[in-house]
Amino acid sequence: MKAFTTGLTLIALSAFALSFASPVKISVGAAAPSFEIKDSKGNDVKLEDYKGKFVVLEWCNFGCPFVQKHYNTNNMQSLQKKYTQKGVVWLTIFSAAEGNHGYYSTMKLNQLAVEKKMSSKLIADSEGTIGKMYGAKNTPTMFIVDPKGHIAYMGGIDDTASSDPEDISKAKNYVAAALDEGLAGKRVSISTSRPYGCGIGYKN
């Protein structure tokens, strides 16, 4: 399993660009790019409406083994539940275009949200507007927006670029650490990291 995982990790890291690229400046401490869109249930989602709260942006593709690592073990759902219960807004974003790997209709997203027992709002960003705005290249890629609307964290979910579920318990979860520090009124000690995972199939 380890040999396969290592090979898969190396392929993923070499096949997909892991740096952030966006038309606007994306950096920790900068204002998070504003967006307005509907979630999978048809409710309006406007980032500015969440000022005063921490917001997590999670780029997702359930067919990606790096994402499956966190969902098949209930790790991501546990994080969503834990922090939304503390008042954090969690948005799970799907930026793949229709016809590309990682695309889901809103109906399918609602079905998966129930099956996977998710506590987040699911957003079909099939035009790739939000994903490109934030320069998201991989699934999972994570951002945390602080209560003032500034980016507090951007990067990978943890420090272990692996698709092996066994590595979760040994990894440092950057998102959990950043949220714990932020909610406690502390400075986020690790605010950036290198994202890893599967490439996002954006609309050309």
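For reference, positions follow the sequence shown, starting with 1.
Rounding to the nearest 0.5 Å gives a distance of 12.0 Å between NZ of Lys170 and CG of Asp158. To the nearest 0.5 angstrom, Met76 atom CE is 6.5 Å from Cys60 atom SG. With rounding to the nearest 0.5 angstrom, the CD1 atom of Ile93 is 5.0 Å from the CD1 atom of Ile130. Rounding to the nearest 0.5 Å gives a distance of 9.5 Å between CG of Asp39 and OG1 of Thr106. Note that the OG atom of Ser191 and the CG atom of Asp146 stand 11.5 Å from one another [nearest 0.5 Å]. Taking NE2 of His150 as the reference point, atom CD1 of Ile144 lies at 15.5 Å (rounded to 0.5 Å).
Between Lys203 and Glu127 there is a side-chain heavy-atom pair separated by less than 4.5 Å. You'll find the side chain of Met154 reaches within 4.5 Å of the side chain of Val28, heavy atoms only. Residues Ile37 and Thr129 are not in side-chain contact: their nearest non-hydrogen atoms beyond the backbone lie 4.5 Å or more apart. You'll find the side chain of Lys53 stays beyond 4.5 Å of the side chain of Pro147, heavy atoms only. The shortest side-chain heavy-atom distance between Ile190 and Lys172 falls under the 4.5 Å cut-off. Residues Glu58 and Gln80 meet the side-chain proximity criterion, which asks for heavy atoms closer than 4.5 Å. Residues Tyr83 and Asp180 have side chains in contact (heavy-atom distance under 4.5 Å, counting atoms from C-beta outward). Between Val45 and Leu91, some side-chain heavy-atom pair lies under the 4.5 Å cut-off.
Across every non-hydrogen atom of Ala96 and His101, the tightest pair is CB-O, 3.4 Å. Taking every heavy atom of both residues into account, Phe66 and Cys198 meet most closely at CD1-SG, 3.9 Å. Listed here is the closest heavy atom pair of Glu98 and Ser126: N-CB, 4.5 Å. Looking at every heavy atom in both residues, Ser27 comes nearest to Ile151 through O-CB, 3.7 Å. Across all non-hydrogen atoms, the minimal contact from Pro33 to Tyr134 is O-OH, 2.6 Å. The shortest non-hydrogen separation linking Ile200 to Thr139 is CG1-CG2, 3.9 Å.
Judged purely by atom type and a 3.5 angstrom limit, Asn110 uses its side chain to pair as donor or acceptor with the backbone of Ser40. Within the 3.5 Å criterion, the main-chain N or O of Gly201 finds a donor-acceptor partner in the side chain of Asn100. Side chain of Thr160 to main chain of Ser162: no donor-acceptor pair is present (N/O by atom type, distance under 3.5 Å, no hydrogens or angles). With hydrogens and angles ignored, the 3.5 Å screen pairs no side-chain donor or acceptor of Asn138 with any backbone N or O of Thr141. A donor-acceptor pair under 3.5 Å links the side-chain atoms of Asp125 to the main chain of Gly131, judged by distance alone. A distance-only check finds a donor-acceptor pair linking the side chain of Gln77 to the backbone of Tyr71 [under 3.5 Å].
Note: the hydrophobic cluster containing Met142 does not contain Ile168 (ILVMFWY, side chain heavy atoms under 4.5 Å, direct or indirect links). Hydrophobic clustering, with ILVMFWY side chains joined whenever heavy atoms are under 4.5 angstrom apart, groups Phe35 together with Val145. No single ILVMFWY cluster, assembled from side-chain heavy atoms under 4.5 Å apart, contains both Leu183 and Val188. Residues Tyr202 and Leu57 fall within the same hydrophobic cluster, defined by Ile, Leu, Val, Met, Phe, Trp and Tyr side chains chained together at heavy-atom separations under 4.5 Å.
Inspection of the Tyr196 and Asp159 side chains reveals no N or O donor paired with an N or O acceptor under 3.5 Å. One side chain, Ser120 or Thr92, offers a donor N or O that lies under 3.5 Å from an acceptor on the other. There is a side-chain donor-acceptor pair under 3.5 Å between Tyr153 and Ser193. Under 3.5 Å, the side chains of Ser189 and Glu181 contain a donor-acceptor pair of N or O atoms. Side-chain contact annotation: Ser119 with Trp90, donor-acceptor N/O pair under 3.5 Å absent.
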Candidate pair Ile157 and Lys69, rule side chain to side chain contact (heavy atoms under 4.5 Å, CB included), full reasoning: CA-CA 11 Å; Ile157 186 172; Lys69 161 187 170 181; over 6 Å; no
Side chain to side chain contact (heavy atoms under 4.5 Å, CB included) between Val89 and Val56: does it pass, once the steps are laid out? CA-CA 6 Å; Val89 175; Val56 174; over 6 Å; no
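With respect to Asp44 and Lys38, a salt bridge is recorded, a charged nitrogen being found less than 4.0 Å from a carboxylate O.
Judged by the 6.0 Å distance and 45° axis criteria, Lys116 is positioned over the aromatic ring of Phe62.
Aromatic rings of Phe94 and Tyr103 (six-membered ring for Trp) have centroids beyond the 6.0 Å cut-off, not under it.
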